[in-house]
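Residue numbers run from 1 in the order of the sequence given. What you are looking at is a predicted structure, and each value in this text was computed from that prediction instead of being measured.
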Amino acid sequence: MGRAAALVGVSVKTLHHWDAIGLVHPSGRTAGGYRVYSGDDVARIHQVLVYRELGLPLAQIGRLLDDPEADEREQLLRQRAQLLDRISRLQSMVGAVDRMLEASATGIRLTPEQQVEIFGDDWDPARVEEAEEKWGESKQWAQYAERAADLGPEDWKQIADTTNALHDDLAAACRAGVAPGSDEANFLAERHRALISTYFDCTYAMHACIGRSYVEDPRYVEHYDQMAPDLAGWLREAIWANAKIHGVDPETARWE
């Protein structure tokens with residue numbers, strides 16, 4: 001009985017119970033009185049397990065297996081069809097859970113296709129994964145994930161529109177030669193910091209660090225400079241000038 005229980009993945013107590021209620025009897029006993037299960041007995045145990053997995057009560061399983069008019073092959077085919085149906089439903093559930101996990105991890109409840117549609121053709125959904133790898137343990141990432149989890153496609157569309165409008169104004173100011181530190185440039189820098197604060201509370205020190213990354217990361221340089229020549233450098237200077245007004249030394253600013 002112990003070997004049979006281990007083979008089919010049930011407890012000895014379960015086999016004792018099934019024997020007692022007449023569901024699965026061992027075919028014989030050893031000279032010492034131990035129950036012995038044949039290959040047919042083990043096959044019957046497997047059928048019981050399948051029906052039990054499908055949610056049938058033991059009494060009904062016993063009637064199905066002991067029906068003298070039942071065809072064993074027909075029973076197995078019915079079991080197989082029921083299992084395939086259950087597998088299909090479980091796979092759908094797994095897909096739903098995976099989508100919820102993705103939303104929880106990235107904070108963006110959008111498919112990659114929706115992200116590209118809303119944020120533009122140059123948007124790379126992998127940026128979110130990269131950011132999580134770098135900042136995932138930070139308080140700011142926790143804020144971002146919490147806030148973003150409440151946003152739907154329409155909310156993200158509005159944020160994207162706000163971002164595009166800001167980028168247009170930044171590019172126009174850069175092309176017009178607006179001086180960093182001027183009232184107009186400071187106003188644009190504050191709009192930029194407010195946009196970032198949509199995701200997490202962005203201090204002036206953090207903003208200065210972000211401005212620094214705009215000229216150190218080639219991807220940011222390419223992203224901004226395609227809007228206007230040297231926009232990445234101009235934006236860094238505008239952010240830094242605004243930070244200085246608020247008592248932050250951008251050269252030594254830290255992420256805090």
Side-chain angles (χ1 to χ4, degrees), residues 106-110 112-132 134-135 138 140-141 143-248 250 253 255:
T106 65
I108 297 182
R109 295 186 301 172
L110 302 171
E113 292 77 14
Q114 287 175 314
Q115 292 180 40
V116 171
E117 179 182 353
I118 291 174
F119 300 128
D121 292 337
D122 62 341
W123 171 257
D124 181 4
R127 291 177 185 173
V128 178
E129 296 179 9
E130 180 182 339
E132 184 180 14
K134 186 174 183 180
W135 306 108
S138 69
Q140 289 72 35
W141 182 268
Q143 283 184 334
Y144 161 73
E146 181 179 357
R147 295 176 186 181
D150 292 330
L151 301 176
E154 287 303 316
D155 300 308
W156 285 113
K157 179 66 167 60
Q158 183 176 354
I159 291 173
D161 290 343
T162 301
T163 302
N164 291 334
L166 175 59
H167 284 168
D168 288 343
D169 292 344
L170 290 171
C174 178
R175 286 193 294 267
V178 173
S182 66
D183 289 343
E184 183 178 352
N186 290 337
F187 177 71
L188 289 171
E190 283 295 340
R191 282 178 58 189
H192 187 272
R193 191 173 70 89
L195 178 62
I196 295 174
S197 292
T198 303
Y199 308 108
F200 60 85
D201 298 337
C202 181
T203 66
Y204 288 100
M206 292 177 187
H207 201 205
C209 292
I210 292 171
R212 185 184 303 132
S213 70
Y214 287 166
V215 297
E216 293 178 349
D217 188 328
R219 292 174 299 179
Y220 280 127
V221 175
E222 180 182 4
H223 174 69
Y224 283 108
D225 285 5
Q226 68 181 354
M227 303 177 197
D230 197 31
L231 177 57
W234 182 91
L235 180 55
R236 191 274 305 270
E237 292 303 317
I239 290 172
W240 279 21
N242 189 57
K244 288 179 181 178
I245 294 174
H246 292 86
V248 172
W255 190 266

- Mind checking salt bridge (Lys or Arg N to Asp or Glu O under 4.0 Å) for Arg191 and listing every partner two or more places apart, or none if nothing turns up? Asp169
- Query: Between Gly211 and Arg236, which heavy-atom pair has the shortest distance, and what is it?
  - Reply: O-CG, 2.9 Å
- How far does CE of Met206 sit from OG of Ser197, to the nearest 0.5 angstrom? 9.0 Å
- Does Asn242 use its side chain to pair, donor to acceptor, with the backbone of Ala185 at less than 3.5 Å? no
- Message: Could you measure the distance from the CG atom of Leu170 to the CZ atom of Arg175? Nearest 0.5 Å is fine.
- Response: 10.5 Å
- Item | Minimum heavy-atom distance between Asp225 and Ala232, given as atom pair plus value | OD1-N, 3.0 Å
- Message: Between Arg147 and Asp201, does any side-chain N to carboxylate O distance fall below 4.0 Å?
- Response: yes
- Ala173 backbone acceptor or donor facing Trp234 side chain under 3.5 Å: no
- NE2 (His223) and CG (Asp217) are apart, to the nearest 0.5 Å, by 11.5 Å
- Message: Looking at Arg193 and Glu190, is there a salt bridge between them, counting it only when a charged N and a carboxylate O are closer than 4.0 Å?
- Response: yes
- For residues Ile210 and Cys202, report the shortest heavy-atom separation together with the two atoms involved. CD1-SG, 4.2 Å
- Query: Can you check whether Ser213 reaches Tyr220 side chain to side chain, under 4.5 Å on heavy atoms?
  - Reply: yes
- Query: Under 4.5 Å between any side-chain heavy atoms of Pro250 and Lys244, yes or no?
  - Reply: yes
- Test item: Tyr199 and Gln140 side chains (from C-beta on) under 4.5 Å apart, heavy atoms: no
- Message: For a quick test of reading the model, state the closest non-hydrogen atom pair linking Leu231 to Met227 and the distance between them.
- Response: CD2-CB, 3.8 Å
- Rounded to the nearest 0.5 Å, how far apart are CG of Leu166 and CG of Leu235? 8.0 Å
- Note on the structure: Sorted by chain and number, sequence neighbours left out, side-chain hydrogen bond (donor to acceptor under 3.5 Å, both in side chains) with His192 holds for His207, Tyr214
- Which atoms form the tightest heavy-atom contact between Ala253 and Ala208, and what is the distance? CB-CB, 3.8 Å
- Query: Atom CG of Leu188 and atom CG of Asp183: how far apart are they, to the nearest 0.5 Å?
  - Reply: 11.0 Å
